[in-house]
Amino acid sequence: MDTTTVAPGTERIRVNMVISENTSQTVVRGRIAVPDPKPDVEKVLSTDKTVTTKRIEVLPDKVVVEGTINIQVVYVAFEPDQSVHHFHDQIKFTTFVDVPGAMPGMDVKVDVTVEDVSITRARRDPRVFDVSAVLGVMAKVTEIQDLDIVTKCPSGCTCDTETIDVDHVVGSNSRQVVISDQFEVPNEKPPVEKILDVDARVEVTDTRVLRDKVIFDGEATVQVLYVGMLPEQPVHQLHHTFKFSDFVEVAGARQDMDVRFNVVVENVDVDMAGGNDPDRLQADLVLKITANVVEPRRVNAITDIRNCNVDPEYTKLRIDSLVGEGTEQVVVKDSFSTPEPKPDVLKVLETTVDERKITEKKIVRDKVIIKGYVDVQIVYVAALPDQPVHATHRRVNFNAFVEVMGAREGMDADVDVDVEFITSAYESCHIHVEMVLKITARVTESLQRNVVTTTAPVPTTETPGTTPCPPGGTFEYVVKSGDTLYSIGRMYGASLAEMKEVNSQLDNPNDIRPGMVVNVPCVPKG
């Protein structure tokens, strides 16, 4: 617990400070191929593209992002009956975003979107396609910092005051969690000969804040690309979703508080169960879970002091401020016939959700418009003499909106989709799917304010920053609340690299605290 004394007339808050953010574009090129035994392509009907982020690393002034572009192509086959088929492939990419002030150990939020993609048939092989995709990559780096904000105007001064709503971080903690699950290869898929690639997506679906502890439920979706155990050794893909629960201890947490989670998949392994069972797989995931427990706090901050013998120090408060949140329940229906070459349905046995994903979100006045899909698996008894059990998959698209008063274009929105109910039935030669979605949208805006963090009488002789400092020398600086090496250097005209060079004695340049003394290089004025 922080027991540092707070000066009279000030209030201490702990906030997730935005150090810096930036957006860049990158072009990714690669090739995808129609896998055997799929037929040749006569005409491409549609393409669906999504991005999976596999690794994010914060470096000095930079964020590196590795991931895959997942492409699904629906096409008319080059066959007499011109049947419709689809295939899936991936293209890996590595890119970076320049984020001044970023340092290893800071938190980062990355959002990657496919802004444009073109697919053209390769000249020498009709089963190969060249892909060119334009990605937009946004990286926002944050750090939890303590700020002592002046809330009382000094006697005899004129002050500007602003009421600011912040998420005060009561406590924060991270831990590694290992989750595992065994699952069967679907009946319609061949056994596994060799695993080629694995990927995983994890999200927290529910949380419960208790005294000094946060319990969370989550859902992990594992995607496996493998060689099938068949004579022609075709490449297949399968995915499996399973649920898990765990907890993070957070000192100071209480039941009426909120929690913000950050989940990073640090490692994912999928192998045949027992090492040799081609029909059963085991997934092992290593997660890094970070929980920030917050409570809303309203601060009457002093933003300017003048007309008196006081020298205020200003700190730029950069946070994501909550505008509002809303929830809507949406009923989604879909009807379709069993795709070729699947047999007709005698009786539906089970309907489950494989994956749900938000593909687009847009903020308009007081609303968040959402587009996405839910991948559904339907297990059924086939209408054949021996009544075998089959499974078919269907991607159900949805469009919805959530009302969030105060939402405006340019703000940020976090959207969660939960399938609360799903059912299906076979009637009139069609499978009818019905589901109830719970969609929650949380809208935030970037708030930047210069707030007064310390006040002191104006010196009668020298003022700060005028101490003689010959070029090539250094002077000492006492760290104040909210300072970083980057912000101190910027104040005196020094780069982050120069600040690190003259402070090589620090064990961790990213971990400086109020009261510490650091060196600042003398930089010639002008």
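Evaluated for a side-chain contact (heavy atoms from CB on, under 4.5 Å) with Val110, the options Val64, Val137, Val141 yield exactly one hit, Val137. Between Ile378 and the options Val348, Ile422, Val345, Thr338, a side-chain contact (heavy atoms from CB on, under 4.5 Å) holds for only Val348. The only option from Asp89, Asp130, Asp125 that meets the salt bridge (charged side-chain N to carboxylate O under 4.0 Å, His left out) definition with Arg31 turns out to be Asp130.
Each side chain to side chain donor-acceptor pair (under 3.5 Å) pair with one or both residues in residues 382-391, not counting sequence neighbours, would appear here, but there are none. Within the structure, salt bridge (Lys or Arg N to Asp or Glu O under 4.0 Å) pairs that include any residue of residues 330-339 comprise Asp334-Arg394 (at least two apart or interchain). Evaluation of the salt bridge (Lys or Arg N to Asp or Glu O under 4.0 Å) test over residues 43-52, restricted to residues two or more places apart or in two chains, returns Asp48-Arg395. Note on residues 246-274: pairs passing ring-ring contact (aromatic ring centres under 6.0 Å, His included), not counting sequence neighbours, are Phe216-Phe261. Sorted by first and then second residue, the salt bridge (Lys or Arg N to Asp or Glu O under 4.0 Å) pairs with a member in residues 258-269 read Asp167-Arg260; sequence neighbours excluded. Contacts classified as ring-ring contact (aromatic ring centres under 6.0 Å, His included) and involving residues 100-127 (residues at least two apart or in different chains) are not found. Within the structure, every pair that satisfies the ring-ring contact (aromatic ring centres under 6.0 Å, His included) test and touches residues 168-212, not counting sequence neighbours, is listed here: Phe183-His240. Among residue pairs with one or both ends in residues 96-120, those qualifying as salt bridge (Lys or Arg N to Asp or Glu O under 4.0 Å) are Lys109-Asp414; sequence neighbours excluded.
Looking only at distances, a side-chain donor or acceptor of Lys189 sits under 3.5 Å from a matching main-chain atom of Gln237. A distance-only check finds a donor-acceptor pair linking the side chain of Arg356 to the backbone of Val417 [under 3.5 Å]. The backbone N or O of Pro35 sits less than 3.5 Å from a side-chain atom of Arg127, completing a donor-acceptor pair. For the pair Asp277 (side chain) and Asp279 (backbone), a donor-acceptor distance under 3.5 Å is present. At distances below 3.5 Å, at least one donor-acceptor pair connects side-chain atoms of Asp212 with backbone N or O atoms of Gly252.
For Glu355 and Arg201, the salt-bridge test passes: some basic side-chain N is under 4.0 Å from an acidic carboxylate O. For the pair Lys213 and Glu249, the salt-bridge criterion is not met [side-chain N within less than 4.0 Å of a carboxylate O]. With respect to Lys438 and Asp416, no salt bridge is recorded, no charged nitrogen being found less than 4.0 Å from a carboxylate O. Ionic pairing of Arg442 and Asp412 is not present here: no N-O contact between side-chain nitrogen and carboxylate oxygen is shorter than 4.0 angstrom.
By the side-chain hydrogen bond (donor to acceptor under 3.5 Å, both in side chains) test, Thr52 is found to be paired with Asn70, residues two or more places apart in sequence or in another chain being considered. Shown here are the side-chain hydrogen bond (donor to acceptor under 3.5 Å, both in side chains) partners of Thr221, two or more places apart in sequence or in another chain: Thr241. The side-chain hydrogen bond (donor to acceptor under 3.5 Å, both in side chains) search around Thr444 returns none, not counting sequence neighbours. Applying the side-chain hydrogen bond (donor to acceptor under 3.5 Å, both in side chains) test to Asn187 and every residue at least two apart in sequence or in another chain returns nothing.
To the nearest 0.5 Å, the span separating CG on Asp284 from CD on Gln182 amounts to 9.0 Å. Once rounded to the nearest 0.5 Å, the distance linking OG of Ser172 with CG of Asn292 reads 3.5 Å. To the nearest 0.5 angstrom, Leu485 atom CG is 8.0 Å from Lys500 atom NZ. Expressed to the nearest 0.5 Å, how far CD1 of Ile144 lies from CE of Met106 amounts to 12.0 Å. The distance from atom NZ of Lys361 to atom OG1 of Thr113, rounded to the nearest 0.5 Å, is 10.0 Å. With rounding to the nearest 0.5 angstrom, the NE2 atom of His236 is 11.5 Å from the CG atom of Leu196.
A 4.5 Å side-chain heavy-atom check between Arg254 and Val170 finds every atom pair outside the cut-off. Side-chain contact between Gln25 and Val134: present, with at least one pair of heavy atoms (C-beta onward) separated by less than 4.5 Å. Counting heavy atoms from C-beta on, the side chains of Ser337 and Cys429 never come closer than 4.5 Å. At a threshold of 4.5 Å between non-hydrogen side-chain atoms, the residues Asp40 and Tyr75 do not count as touching. Looking at heavy atoms from C-beta onward, Asp206 lies in side-chain contact with Arg208 at the 4.5 angstrom threshold. Contact annotation: the side chain of Val169 never approaches that of Val15 to less than 4.5 Å [non-hydrogen atoms, C-beta and beyond]. Side-chain atoms of Tyr380 and Leu349, non-hydrogen and from C-beta on, never get closer than 4.5 Å to each other. In this structure, Phe93 and Val51 have side chains that are in contact, with non-hydrogen atoms separated by less than 4.5 Å.
Within a 6.0 Å radius of NZ in Lys357, more than 12 heavy atoms belonging to other residues, nucleotides or ligands are found. More than 12 heavy-atom neighbours from other residues, nucleotides or ligands sit within 6.0 angstrom of CZ on Arg175. The 12-atom threshold is exceeded at CZ of Phe336, counting heavy atoms of other residues, nucleotides or ligands nearer than 6.0 Å. Within 6.0 Å of CZ on Phe401 lie no more than 12 heavy atoms contributed by other residues, nucleotides or ligands. Few gaps surround CD on Glu42; more than 12 heavy atoms of other groups in view lie less than 6.0 Å from it. Heavy atoms from other residues, nucleotides or ligands lying under 6.0 Å from CZ of Phe96 number 12 at most. Around the CD atom of Glu409, the shell of radius 6.0 Å holds no more than 12 heavy atoms that belong to other residues, nucleotides or ligands.
Judged purely by distance below 3.5 Å, without hydrogens or angles, the side chains of Asp217 and Thr205 never pair a donor atom with an acceptor atom.
Contact between Pro186 and Leu238 at its shortest, heavy atoms only, is CD-CD2, 4.1 Å. Here the closest heavy-atom approach between residue Val131 and residue Ile119 is recorded as CG2-CG1, 4.1 Å. The two atoms that bring Leu384 and Pro343 nearest to each other are CD1-CB, 3.9 Å, heavy atoms only. Here the shortest heavy-atom pairing between Pro278 and Val185 reads O-CG2, 3.7 Å. Taking both residues in full, the closest heavy atoms of Val202 and Ala220 are given as CG2-CB, 3.9 Å, listed atom of the first, atom of the second, then distance. The minimum heavy-atom distance between Val270 and Ala283, with the atom names listed, is CG2-CB, 4.0 Å.
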| Glu360/Lys362 under salt bridge (charged side-chain N to carboxylate O under 4.0 Å, His left out): CA gap, chis, key distance, verdict | CA-CA 7 Å; Glu360 184 180 338; Lys362 180 181 178 181; over 6 Å; no
